[in-house]
A.B. asks: 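Have a look at this one before I ask anything.
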Amino acid sequence: MKRYAISAFLILGACATPQERCINNATRDIQIVDRLIEESQATLARGYALERETIYRTEFQDCTPEATERDPKPRPRMCTVEVPQTVMRPKSVDLKDESAKLASLESKRATQAGFAQTSIAQCRSQFPE
């Protein structure tokens, strides 16, 4: 499934104009910091964090061998496979530390925004539409 998502992203990325790709590269860090700010704000609103954890479930899967000349009707067979599943678990956090982290991220975002404006202007002059 992950392969398909990456392939779709690459195909869509290929459709972007050179200017759009340049601007996307210039603002990538801001997008990451924005996501971290949203996550921190949600943690403060909830009063606890959510931690991703991967657990494994056992599932049965058909592993009947392919038909051959020697065995045209192979006997059905089931196998067990371990399937990863991501779950969210609550985790306690120090809300004062989380508030300080949020303030730091917001300050970092303001700094990055200044640099991004310069980079965006360069992208627009380098790749006019």
Side-chain angles (χ1 to χ4, degrees):
M1 183 69 175
K2 199 179 242 186
R3 267 190 227 137
Y4 297 121
I6 291 171
S7 297
F9 179 74
L10 291 174
I11 290 169
L12 290 175
C15 296
T17 66
Q19 185 187 83
E20 290 169 335
R21 285 192 300 268
C22 181
I23 290 172
N24 191 34
N25 287 336
T27 59
R28 183 171 289 132
D29 289 340
I30 288 179
Q31 294 168 9
I32 292 169
V33 171
D34 283 345
R35 185 176 41 80
L36 293 172
I37 287 171
E38 289 174 16
E39 187 178 305
S40 187
Q41 289 170 336
T43 297
L44 286 169
R46 273 190 312 270
Y48 59 91
L50 292 174
E51 184 176 60
R52 285 181 180 82
E53 183 179 334
T54 302
I55 60 172
Y56 291 88
R57 292 187 350 250
T58 302
E59 288 185 1
F60 287 97
Q61 194 175 56
D62 180 15
C63 59
T64 304
E66 293 287 324
T68 62
E69 283 184 31
R70 188 173 183 191
D71 187 8
K73 292 186 178 183
R75 203 166 148 211
R77 196 178 310 169
M78 297 297 283
C79 302
T80 58
V81 291
E82 296 294 314
V83 178
Q85 181 180 17
T86 303
V87 295
M88 302 299 276
R89 304 241 188 243
K91 179 182 175 186
S92 64
V93 292
D94 185 335
L95 297 178
K96 289 180 185 176
D97 288 346
E98 193 68 27
S99 294
K101 179 174 113 177
L102 177 59
S104 175
L105 286 168
E106 288 171 340
S107 172
K108 180 68 174 174
R109 198 223 184 268
T111 303
Q112 286 178 336
F115 292 127
Q117 290 300 331
T118 304
S119 298
I120 290 169
Q122 288 175 344
C123 289
R124 288 189 175 139
S125 67
Q126 185 178 1
F127 303 105
E129 288 192 332

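Residues: numbered from 1 along the sequence shown. Computed from a predicted structure; not experimentally measured.
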A.B. asks: Within this structure, what is the CD1-CD distance for the pair Ile23 and Gln122, rounded to the nearest 0.5 Å?
C.D. replies: 11.5 Å
A.B. asks: Between Thr58 and Glu82, which heavy-atom pair has the shortest distance, and what is it?
C.D. replies: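 The answer is OG1-OE2, 2.7 Å.
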A.B. asks: Look at Arg35 together with Glu38 and state whether they make a salt bridge at an N to O cut-off of under 4.0 Å.
C.D. replies: no
A.B. asks: Nearest 0.5 angstrom please: Ile32 CD1 to Gln112 CD, how far?
C.D. replies: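 Between Ile32 CD1 and Gln112 CD, I get 8.5 Å after rounding to 0.5 Å.
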A.B. asks: Just checking Phe115: does its CZ atom have more than 12 heavy atoms from other residues, nucleotides or ligands closer to it than 6.0 angstrom?
C.D. replies: no
A.B. asks: For Ala103, is there any backbone N or O sitting under 3.5 Å from a side-chain donor or acceptor partner on Ser107?
C.D. replies: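 A pair under 3.5 Å: no.
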A.B. asks: If you compare all heavy atoms of Leu44 against all heavy atoms of Ser99, which two are closest, and at what distance to 0.1 Å?
C.D. replies: CD2-OG, 3.6 Å
A.B. asks: Given 3.5 Å as the limit, does a donor-acceptor pair link the side chain of Gln19 with the main chain of Phe127, or not?
C.D. replies: yes
A.B. asks: Please round to the nearest 0.5 Å and tell me the distance separating atom CD1 of Ile120 and atom CD of Gln117.
C.D. replies: 5.0 Å
A.B. asks: Check for a donor-acceptor pair, side chain of Thr54 on one end and backbone N or O of Thr86 on the other, with a separation under 3.5 Å.
C.D. replies: no
A.B. asks: What do the steps show when you test Arg89 against Ile55 for side chain to side chain contact (heavy atoms under 4.5 Å, CB included), and what is the final call?
C.D. replies: CA-CA 11 Å; Arg89 304 241 188 243; Ile55 60 172; 3.9 Å; yes
A.B. asks: Lys91 vs Glu53, test: side chain to side chain contact (heavy atoms under 4.5 Å, CB included). Steps then yes/no.
C.D. replies: CA-CA 11 Å; Lys91 179 182 175 186; Glu53 183 179 334; over 6 Å; no
A.B. asks: Main chain of Ile30, side chain of Thr27: is a donor-acceptor contact present, judged purely on distance under 3.5 Å?
C.D. replies: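 No; judged by distance alone, with no hydrogens or angles, the pair does not exist.
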A.B. asks: Minimum heavy-atom separation for Ala49 to Val93, with atom names?
C.D. replies: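 Of all heavy-atom pairs spanning Ala49 and Val93, the closest is CB-CG1, 3.5 Å.
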A.B. asks: Any chance you could measure Asn25, atom CG, to Ser119, atom OG, to the nearest 0.5 Å?
C.D. replies: 10.0 Å
A.B. asks: Is the closest side-chain donor-acceptor distance between Arg21 and Asn24 under 3.5 Å?
C.D. replies: no
A.B. asks: Please report the interatomic distance CE(Met78) to OG1(Thr64), rounded to the nearest 0.5 Å.
C.D. replies: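 That separation rounds to 7.5 Å.
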A.B. asks: Can you name the nearest heavy-atom pair linking Ala116 to Ala26, along with the distance?
C.D. replies: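 In terms of heavy atoms, the two residues are closest at CB-O, 4.3 Å.
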A.B. asks: About how many Å separate CG of Leu105 and CG of Asp34, when rounded to the nearest 0.5 Å?
C.D. replies: 10.0 Å
A.B. asks: Do side-chain atoms of Ser40 reach the backbone of Leu36 as a donor and acceptor pair under 3.5 angstrom?
C.D. replies: no
